[in-house]
Amino acid sequence: RVVVEVTYATDDGLRSGDALRAVAGTDAEVLAGTIETVAGLTVGRLRLAVPGADAPATVVRLRAAGLHAEVLRAEPLDTEPLDAEPLDTDVLHTEPLHTEAGVAR
């Protein structure tokens, strides 16, 4: 699988639907997405995981829909859950930072 980033800026509505229609029927997976309003424009970004063999055609379809699309990473994605220790949620104790001039405030 490869990661494809899709970005757009428009003043006439959301374009995320265009991106999702462009990858409909494929095994693409949405990894992340944001939609914001900046200076009156709708700005969006989607990160998609796409099967490697489908990536070139997917990028072509996204660009044909008027979206900016580029391959960010063309290496296997680690899809296994992280094997991590639980976080220590005890109270954090801090001490003043000592410098040559004295104690930092």
_Nearest-0.5 Å distance that lies between atom NE2 in H68 and atom OG1 in T7_ = 4.5 Å
*Residue pair R1 / A49: nearest heavy atoms and the distance that separates them*: NH2-O, 3.0 Å
_From Y8 atom OH to I35 atom CD1, the distance as rounded to the nearest 0.5 Å_ = 4.0 Å
*Closest approach of V2 to G52 (non-hydrogen atoms, all atoms of both residues)*: CG1-CA, 4.2 Å
*So which heavy atom on R61 is nearest to which on V23, and how close?*
NH2-CA, 4.4 Å
_Using side chain to side chain contact (heavy atoms under 4.5 Å, CB included), reason through V6 and L48 one step at a time and then give a plain yes or no._
CA-CA 8 Å; V6 180; L48 306 172; 4.0 Å; yes
*asked:* Within the structure provided, determine whether V71 and V59 are in side-chain contact (heavy-atom separation under 4.5 Å).
replied: yes
*asked:* If you compare all heavy atoms of R63 against all heavy atoms of E70, which two are closest, and at what distance to 0.1 Å?
replied: NH2-CA, 4.3 Å
*Start with the C-alpha gap between L72 and V4, add the side-chain angles, then the distance that decides, and say whether side chain to side chain contact (heavy atoms under 4.5 Å, CB included) holds.*
CA-CA 6 Å; L72 293 185; V4 175; over 6 Å; no
*Determine, step by step, whether V30 and L20 satisfy the side chain to side chain contact (heavy atoms under 4.5 Å, CB included) criterion, reporting the C-alpha distance in whole Å, the side-chain angles of both residues, the deciding distance to 0.1 Å, and the verdict.*
CA-CA 9 Å; V30 176; L20 296 176; 3.8 Å; yes
*Considering all heavy atoms of both residues, which atom of G33 and which atom of L46 are nearest to each other, and what is their separation?*
CA-CD2, 3.9 Å
*What distance do T37 atom OG1 and D11 atom CG have between them, rounded to the nearest 0.5 Å?*
11.5 Å
_Distance in Å, D54 CG paired with D27 CG, rounded so as to fall on 0.5 Å steps_ = 7.0 Å
*Which atom pair, heavy atoms only, marks the closest approach of A22 to L62?*
CB-CD2, 3.7 Å
*Could you please spell out the steps behind the side chain to side chain contact (heavy atoms under 4.5 Å, CB included) verdict for T26 and V50?*
CA-CA 8 Å; T26 69; V50 179; 5.6 Å; no
